[in-house]
Amino acid sequence: MTISIVTLPGDGIGPEVAIQAVHVLQSVADKLGLQNLSIKECLVGGAAIDQLGVPLPEETLKACSEADAIFLGAVGGPKWKDVDVKIRPEQGLLDLRKSLGLFANLRPVTAHASLSSLTPFKIDHLSGLDIMVVRELTGGLYFGKRGRDKNEAYDTCIYTVPEIERIARLAGKLAASRNQNVTSVDKANVLDTSRLWRETVERIFKNEFPDIVLDHIYVDAAAMYLISRPETFDVILTENMFGDILSDEASMLAGSLGLLPSASLGDNGPGLFEPIHGSAPDIAGKGIANPCGAILSIAMMFRHTLNKPEVAKAIEQAVTKTLGSGVLTADLTDVNNAVSTEEFGAAVINAINL
Ligand code: NAD
Ligand code: IPM
Ligand code: MN
């Protein structure tokens with residue numbers, strides 16, 4: 001049976017990190033003798049707008065829905081900032097997530113011992129740090145009705161009970177296989193959607209995960225606790241917008257936004273694996289982007305969709321070893337000592353032990 005992977009390099013540094021991720025995927029497939037792996041590249045985002053006038057062409061969506069797994073680099077950039085909102089590059093990514101029912105976005109945050117001195121955090125907050133941000137991905141402000149005229153604009157935040165229940169269950173199951181601790185983050189002191197979120201999460205955990213320790217905290221305090229006591233978090237469960245913001249913040253615990261991967265999963269069908277960062281227009285085209293988040297997203301693909309956790313581990317260990325040996329891109333070291341995106345990718349491939 002063929003394993004079919006669709007890659008969507010996208011825009012800016014997207015293609016630069018995607019090619020390293022694909023090299024890792026191909027190298028692992030060669031090492032394992034997986035001759036049945038097919039990799040097909042499709043257009044998304046600004047690249048698709050430029051060629052076909054829309055950010056998520058029909059053929060891309062079709063290929064993605066028929067694939068076993070999808071990898072995406074990044075979308076967006078200043079070139080497309082003034083296009084109609086309905087066909088912005090970012091809308092292509094949102095439509096892809098929604099069309100494939102990818103309601104759960106897993107964003108693991110781990111600290112690499114070798115990088116802790118490069119972060120502003122004290123070592124005792126980082127050693128053993130292992131947080132899983134579970135971000136609801138197909139609801140909330142991102143998908144509610146929005147509109148604007150000259151002097152007014154609005155975005156609506158809607159959550160339904162089933163949407164909250166399914167993400168809460170997923171977080172509960174994950175916590176059961178980790179440190180039995182879930183922190184649900186909301187703004188229940190102000191928002192009705194957050195009050196519904198809190199009540200629903202509370203009920204699901206009471207009835208279905210009585211052994212998991214569940215806390216609720218407000219998002220403003222959560223932003224602060226992530227800095228003051230990050231080591232106390234295990235699974236952070238939160239809605240779409242809060243998860244977007246908190247995970248970029250949390251990336252600094254690891255050392256750089258370029259380090260974090262993610263997996264976007266639904267009940268069935270293909271998963272979408274993407275670094276959490278964007279197209280980084282400020283460094284695009286220079287060959288200096290950090291491909292770790294992209295490469296680690298391939299590890300997540302092996303763990304969550306391709307059912308090969310040992311391969312995921314081997315890729316993750318190779319990244320840790322590479323970073324530990326001082327091979328660092330420019331976001332993590334001074335320019336004179338930095339390696340290129342390509343050199344980093346090659347070093348990881350060399351370090352994979354399978
Ligand atoms: P960004 O994540 O692209 O960049 C923020 C900062 O982090 C920049 O200084 C950038 O140079 C740095 N950075 C990001 N990834 C890096 C990497 N791999 N290596 C080294 N440095 C890295 O966020 P932004 O500048 O706010 O957004 C730029 C564009 O990307 C926008 O159009 C935005 O909508 C889009 N975006 C897309 C995604 C996605 O495709 N999943 C995610 C976030 C932002
Ligand atoms: C991310 C990005 C996207 C989001 C944008 C580009 C739509 O910031 O994947 O984190 O907000 O989900
Ligand atoms: Mn984001």
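Only this structure's heavy atoms are used, side chains among them; waters, hydrogens and symmetry mates stay out. Numbering of ligands and ligand atoms starts at 1, following listing order.
- In terms of the side chain to side chain donor-acceptor pair (under 3.5 Å) criterion, Q317 has no residue partners (sequence neighbours excluded).
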Between S264 and N105, does the side-chain hydrogen bond (donor to acceptor under 3.5 Å, both in side chains) criterion hold? Intermediate values first, please. CA-CA 4 Å; S264 302; N105 185 220; 3.1 Å; yes

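- Using a 3.5 Å distance cut-off with no hydrogens or angles, the side chains of H216 and E202 do pair a donor with an acceptor.
- L137 and V219 end up in different hydrophobic clusters when Ile, Leu, Val, Met, Phe, Trp and Tyr side chains are linked at under 4.5 Å.
- Annotation: Q35, atom CD; neighbour count of heavy atoms from other residues, nucleotides and ligands within 6.0 Å does not exceed 12.
- Protein nitrogen, oxygen and sulfur atoms, that is N, O or S, within less than 2.8 Å of the Mn ion (ligand 3) amount to 1.
- When heavy-atom distances to ligand 1 are checked against 4.0 Å, the residues falling inside are I13, A74, V75, G76, G77, E90, L93, L257, G258, E274, I276, H277, G278, S279, A280, P281, D282, I283, A289, N290, D331, ordered by chain and number.
- Both L265 and L306 are members of a single hydrophobic cluster when ILVMFWY side chains are connected at heavy-atom separations under 4.5 Å.
- Using a 4.0 Å cut-off between charged nitrogen and carboxylate oxygen, D186 and R195 do not count as a salt-bridge pair.
- Note on E165 versus R203: salt bridge recorded, some NZ/NE/NH1/NH2 to OD/OE distance being below 4.0 Å.
- For ligand 2, residues of the protein lying within 4.0 angstrom by heavy-atom distance are E90, L94, R97, R107, R135, Y142, D244, I276.
- The only option from I349, V327, I295 that meets the side chain to side chain contact (heavy atoms under 4.5 Å, CB included) definition with T322 turns out to be V327.
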